[in-house]
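Below is one structure, written out as structure tokens, with a few remarks after it.
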Amino acid sequence: MDALQGFVGTWRLVESDKFDEYMKALDVGFATRKIGNVTKPDLVVCVDGDYITLQSLSAFKNTSIKFKLGEEFEETTVDGRNSKTTMTVNNGKLVQVQRWNGKETTVERELKDGKLIATCTMGDVVCKRTYEKKE
């Protein structure tokens, strides 16, 4: 779990590029997209032994997933999708693959210049969300 120590902590969303397009590609409804576009969630990353917890905390909705790397688990996403999700570490990136109804999306989280960058890909739509660590 040493590869994940830099991710541990609370991160504040500061920039989001093409998030509406990404949510459209996921078939997220209009009202939920509008809320999602103005919400600035905190991302909390914790490591406890073999388990990792990711929490998304906002005024709109809080979600939490707890998992072991490489083991598929059931996830209910913030927009209500029920997916089979697998998390791995690849080249220093925390990679999340969600599969549901024959579809697949990937979220790669990496550390760059003291920031956490989440690159969300659904088909040919790529969204980048940038987080800064809260002190």
Side-chain angles (χ1 to χ4, degrees):
M1 293 300 169
D2 289 342
L4 296 177
Q5 285 308 312
F7 289 91
V8 172
T10 301
W11 301 84
R12 162 80 45 168
L13 180 69
V14 294
E15 188 178 336
S16 191
D17 182 47
K18 297 189 178 175
F19 191 52
D20 192 59
E21 292 91 332
Y22 177 69
M23 288 188 292
K24 282 181 187 175
L26 294 174
D27 292 326
V28 174
F30 177 79
T32 302
R33 284 199 333 267
K34 291 303 160 199
I35 293 169
N37 280 320
V38 297
T39 302
K40 302 273 190 210
D42 285 349
L43 175 67
V44 181
V45 182
C46 301
V47 176
D48 183 15
D50 290 341
Y51 288 93
I52 301 154
T53 302
L54 295 183
Q55 293 178 291
S56 178
L57 307 175
S58 73
F60 170 58
K61 194 174 201 178
N62 296 332
T63 62
S64 180
I65 55 174
K66 186 175 183 177
F67 55 89
K68 282 184 167 183
L69 291 174
E71 291 187 9
E72 186 176 79
F73 61 95
E74 301 280 335
E75 177 184 9
T76 300
T77 65
V78 70
D79 60 304
R81 289 174 291 120
N82 294 311
S83 73
K84 301 239 185 238
T85 301
T86 306
M87 305 285 287
T88 57
V89 174
N90 188 1
N91 294 323
K93 298 177 183 179
L94 182 59
V95 181
Q96 178 178 14
V97 178
Q98 298 172 331
R99 294 178 180 89
W100 75 104
N101 297 337
K103 299 177 184 179
E104 180 178 301
T105 187
T106 303
V107 179
E108 292 185 346
R109 295 174 178 90
E110 63 184 313
L111 302 174
K112 278 189 181 177
D113 301 321
K115 297 180 180 182
L116 189 153
I117 310 296
T119 303
C120 312
T121 305
M122 177 68 186
D124 60 355
V125 176
V126 179
C127 160
K128 185 169 101 173
R129 292 168 64 84
T130 303
Y131 296 80
E132 292 180 348
K133 200 161 200 178
K134 291 175 78 173
E135 297 303 323

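Bear in mind that the values here come from a model prediction, so they are computed numbers and not experimental data. Numbers for residues simply follow the sequence, beginning at 1.
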To the nearest 0.5 Å, tell me how far [X] [atom1] sits from [Y] [atom2].
| X | Y | atom1 | atom2 | result |
| --- | --- | --- | --- | --- |
| Gln55 | Asn62 | CD | CG | 8.0 Å |
| Glu21 | Cys127 | CD | SG | 8.0 Å |
| Asn82 | Trp100 | CG | CH2 | 11.5 Å |
| Thr76 | Ile65 | OG1 | CD1 | 10.5 Å |
| Cys46 | Phe7 | SG | CZ | 14.0 Å |

Side-chain contact, heavy-atom cut-off 4.5 Å: [X] with [Y]?
| X | Y | answer |
| --- | --- | --- |
| Val44 | Leu54 | no |
| Tyr51 | Thr53 | no |
| Lys103 | Met122 | yes |

Item to check | Partner of Met23 under side chain to side chain contact (heavy atoms under 4.5 Å, CB included), chosen from Val125, Thr32, Asn37 | outcome: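 That would be Asn37.
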Checklist entry - In this structure, which one of Thr121, Leu26, Val97 forms a side chain to side chain contact (heavy atoms under 4.5 Å, CB included) with Thr105? => result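 Going through Thr121, Leu26, Val97 one by one, the side chain to side chain contact (heavy atoms under 4.5 Å, CB included) with Thr105 is satisfied by Leu26 alone.
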Verify, without hydrogens or angle tests, whether [X] (side chain) and [Y] (backbone) share a donor-acceptor contact under 3.5 angstrom.
| X | Y | answer |
| --- | --- | --- |
| Thr77 | Arg81 | yes |
| Lys133 | Val8 | yes |
| Thr39 | Ile35 | yes |

Hey, quick one: are [X] and [Y] part of the same hydrophobic cluster, counting side-chain heavy atoms closer than 4.5 Å, chains of contacts allowed?
| X | Y | result |
| --- | --- | --- |
| Val14 | Leu111 | no |
| Ile117 | Leu43 | no |
| Val95 | Val89 | no |
| Leu69 | Val47 | yes |
| Leu13 | Leu116 | yes |

Next on the checklist: Testing the basics here: between Val107 and Tyr22, what is the closest heavy-atom pair and its distance to 0.1 Å?
Outcome noted: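 Taking every non-hydrogen atom into account, CG2-OH, 4.0 Å.
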Checklist entry - Which atom pair, heavy atoms only, marks the closest approach of Ala118 to Tyr131? => result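 Reported closest heavy-atom pair: CB-CE1, 4.2 Å.
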Checklist entry - Which one of Glu132, Glu15, Glu110 satisfies the salt bridge (Lys or Arg N to Asp or Glu O under 4.0 Å) criterion with Lys115? => result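 Only one option passes, and that is Glu132.
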Next on the checklist: Atom NZ of residue position Lys84 - does it have more than 12 heavy atoms of other residues, nucleotides or ligands inside 6.0 Å?
Outcome noted: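 No, NZ of Lys84 has 12 or fewer neighbouring heavy atoms, counting only those of other groups under 6.0 Å.
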Item to check | Lys18, NZ: over 12 other non-hydrogen atoms inside 6.0 angstrom | outcome: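 Open: at most 12 neighbouring heavy atoms sit under 6.0 Å from NZ of Lys18.
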Checklist entry - Is Asp17 salt-bridged to Lys128, cutoff N-O under 4.0 Å? => result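 Salt bridge absent between Asp17 and Lys128.
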Checklist entry - Stepwise, does the side-chain hydrogen bond (donor to acceptor under 3.5 Å, both in side chains) test hold for Thr10 with Asp42? => result CA-CA 7 Å; Thr10 301; Asp42 285 349; over 6 Å; no
Checklist entry - Honestly, is Arg129 close enough over Phe19, meaning NZ or CZ under 6.0 Å from the six-membered ring centre and within 45° of the axis? => result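 So Arg129 does make the cation-pi contact.
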Item to check | Pair Met87-Arg109, side-chain contact (heavy atoms from CB on, under 4.5 Å): steps then yes or no | outcome: CA-CA 11 Å; Met87 305 285 287; Arg109 295 174 178 90; 4.0 Å; yes
Next on the checklist: Show, in sequence, the C-alpha distance, side-chain angles and deciding distance for Thr130 and Lys112, and conclude whether the side-chain contact (heavy atoms from CB on, under 4.5 Å) test is met.
Outcome noted: CA-CA 10 Å; Thr130 303; Lys112 278 189 181 177; over 6 Å; no
Item to check | Cys120 and Thr106: CA distance, side-chain angles, deciding distance, side-chain contact (heavy atoms from CB on, under 4.5 Å) verdict | outcome: CA-CA 6 Å; Cys120 312; Thr106 303; over 6 Å; no
Next on the checklist: Against Thr85, only a single residue in Glu74, Glu75, Arg99 fulfils side chain to side chain donor-acceptor pair (under 3.5 Å); can you say which?
Outcome noted: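 With Thr85 as partner, Glu74, Glu75, Arg99 yield a single side chain to side chain donor-acceptor pair (under 3.5 Å), made by Glu75.
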Checklist entry - Please walk me through it: do Leu4 and Leu94 pass side-chain contact (heavy atoms from CB on, under 4.5 Å)? => result CA-CA 8 Å; Leu4 296 177; Leu94 182 59; 4.1 Å; yes
